[in-house]
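The block underneath contains the structure these notes are about, expressed in C-alpha cells.
Here the structure is a predicted model, which means the values were calculated and not measured.
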Amino acid sequence: MSEVIKSYKGFNRDLTCRGKQYEVGKEYEEDRAQSCECGMHACEYPLDCFSYYDPAHSVYYEVEQSGDLSRRGDDSKVASTKMKIGAEINIAGMVKASINYIRERIKEEKGSDDDYGASLATGDYGASSATGYYGASSATGYKGASLATGDYGASSATGYYGASSATGDYGASSATGYKGASLATGDYGASSATGYYGASSATGYKGASLATGDYGASSATGYYGASSATGYKGASLATGDYGASSATGYYGASSATGYKGASLATGDYGASSATGYYGASSATGYKGASLATGDYGASSATGYYGASSATGYKGASLATGDYGASSATGYYGASSATGYKGASLATGDYGASSATGYCGASSATGYKGASSAKDPESIAIAWGYKGRVSGVKGSFLVLADWEGDESEYWKPYTWKLKGAKMVRVDGEHIKENTWYTMRNGKIVEVTEDDR
C-alpha cells in the first residue's frame, strides 16, 4: 500500500489550479509526478501554500496525496500522482494547522505547567509550552514552537518557521520570523505575525490580528475583533460583530462580514468588502474594489479604475478615481462617481446618483431616483418612475415616462413605458443645475409634488 500524506492545497476561488477543475470529495489521478514539473502539487506545511496561491485571491483545502510522491528540498511542496480533495480550510485553520505541523516535528526542550511559570526554548527545533495561569512561553530558535494555554499567558516565536499560539483568555501571541504562524483563540487575545509569509489569526472575543509581512494573512473572527494585513498581497478578514478589517499592502484583500464591521483596502489592486449591517467598505488603491452589502453600509473606491458598490438599504457608494464605477442598489442608496469617465448607478427607490467627472455617466433607475451630471461631457439618466435629472451646461439628460398605479410603485412589472427623451442642457430651454422630470410626454421642471 502506497504512502498517504495529509497536505494543503491552494486553488483559485473557482477551485481550479493550472487550468484543471477540481471538486470537493473527488479523487484525481495523473500518470507522473515530478516536483515543479508534473503531477498534482500540495504542501505539507500549510503556510507554504501562500508562496503559490496568495491569500488575497485564493482558497485552500485539505487534501490527501498518494501514489508516486516527489518532493523538493526548499519547502514542503509535494507532487503526487493521486489526490483526494477534502474540506476547505480558512486562514485561521491554516494558522492552527501550521502550528500543529511544527509541534509534531520538534522535540520539547523546556516546559512549565505551574501557574506563573515561564518556559523558554532558544535552540533550533525547540518547543516551549506554558499551560499554567499567567504563564509565559517563548521560542526564539529555528522552527521553534511556542504555546501558552493558560489565562493571561503570552506566547512568542521569533525564529524562522516558528509557530506561536495563545489559547487562554487575555493571551498574546506573536510570530516575527519568516513563515511564522500566530494564533490567539482566547478572549481579548492578540495575534501578530510580522514575518514574511506569516499568518495571524485571532478568533476570540475582542481579539486583534495583525499580519505585516509580505503574503501574510490576518483573520479576526471574534466579536469586536480587529484584523489588519499591511504586507504585500496580504489578506485581512474580520467576521465578528464590530470587527475591523484593513489591508494596506499591494494586492491585499480586506473583508468585514460582521455587524458594524469596517473594511479598508488601501493598496493597489486591493479589494474591500463589508457585508454586515452598518458596515463600511473603502478601497483607495489603484483598481481597488469596494463593496458594502449591509444596510446603511458605505462603500468608497478612490483609486484609479476602482469600483464601489453599496447594495444595502440606505447604503452609500462613492467612486472618485478615474474610470471608477459606483453602484447603489439599496432603497435610499446614494451613488457618486467623481473620476474621469466614471459610472454611477442607483437602482433602488429614492436613490441618488451623481457623476461629477469628465465623461462620466449617472443613472437612477428606481422610483423617484435622482441622477445628476456635473461635467459638460457627462450624461445623467433617470429611468425610474418619477425620476429626476439635472446637469451643468453642455451635459445630456435622459428621462422616461411611465404609466401605472403609483400606489403600488414598488411593483415595477406593473408599469408600462410610454416614452423617453434626451435633451441637452443649453442654459435657456433646459437650465443648469435645475431638476427636471418627465410628465405626460414632456420634460418639465420638478415641483414639490414630484419630490
Decide if atom NZ of Lys77 counts as having more than 12 heavy atoms of other residues, nucleotides or ligands within a radius under 6.0 Å.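 For Lys77, atom NZ is crowded (more than 12 foreign heavy atoms under 6.0 Å).
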Can you tell me if Asp31 has over 12 outside heavy atoms packed within less than 6.0 Å of its CG?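 Incorrect, the count does not exceed 12.
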Hey, are the side chains of [X] and [Y] touching, using non-hydrogen atoms and a 4.5 Å cut-off?
| X | Y | value |
| --- | --- | --- |
| Lys9 | Met83 | yes |
| Met94 | Cys49 | yes |
| Phe50 | Ser58 | no |
| Val24 | Glu88 | no |

Where the side chain of [X] meets the backbone of [Y], is there a donor-acceptor pair that is under 3.5 Å apart?
| X | Y | value |
| --- | --- | --- |
| Tyr28 | Ile85 | no |
| Asn12 | Leu15 | no |
| Gln65 | Val78 | yes |

Spatial distance of atom [atom1] ([X]) from atom [atom2] ([Y]) [nearest 0.5 Å]:
| X | Y | atom1 | atom2 | result |
| --- | --- | --- | --- | --- |
| Ile89 | Lys96 | CD1 | NZ | 9.5 Å |
| Thr221 | Asn90 | OG1 | CG | 7.5 Å |
| His41 | Gln34 | NE2 | CD | 8.0 Å |
| Thr212 | Tyr196 | OG1 | OH | 13.5 Å |

After noting the C-alpha distance and the side-chain angles of Ile379 and Val398, does the key distance pass the side-chain contact (heavy atoms from CB on, under 4.5 Å) rule? CA-CA 8 Å; Ile379 186 170; Val398 177; 3.9 Å; yes
For a quick check under 3.5 Å, do Tyr101 and Asp48 share a side-chain donor-acceptor pair by atom type?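 Their side chains do not contain a donor-acceptor pair, so the 3.5 Å distance test is not met.
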Short side-chain donor-acceptor distance under 3.5 Å, Ser246 and Ser254: no
Check step by step if side-chain contact (heavy atoms from CB on, under 4.5 Å) holds for Trp383 and Val389. CA-CA 10 Å; Trp383 202 251; Val389 291; over 6 Å; no
So that I know where these two stand, are Phe11 and Tyr22 an aromatic pair - ring centroids less than 6.0 Å apart? yes
Would you say the ring centers of Tyr61 and Tyr8 fall short of 6.0 Å from each other? no
Any salt bridge between Glu30 and Lys20, counting N to O under 4.0 Å? yes
Of all the heavy-atom pairs spanning Ala247 and Gly234, show the shortest one and how long it is.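 Looks like CB-O, 4.4 Å.
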Let me see the working for Asp68 and Arg32 under side-chain contact (heavy atoms from CB on, under 4.5 Å), right down to the final yes or no. CA-CA 7 Å; Asp68 294 335; Arg32 294 178 57 248; over 6 Å; no
Any chance you could lay out the side-chain contact (heavy atoms from CB on, under 4.5 Å) test for Glu62 and Lys6, step after step, and finish with the verdict? CA-CA 7 Å; Glu62 297 177 341; Lys6 180 180 179 181; 3.9 Å; yes
Does Ser7 form a side chain to side chain donor-acceptor pair (under 3.5 Å) with Glu44? I'd like the steps, not just the answer. CA-CA 4 Å; Ser7 305; Glu44 293 183 280; 5.3 Å; no
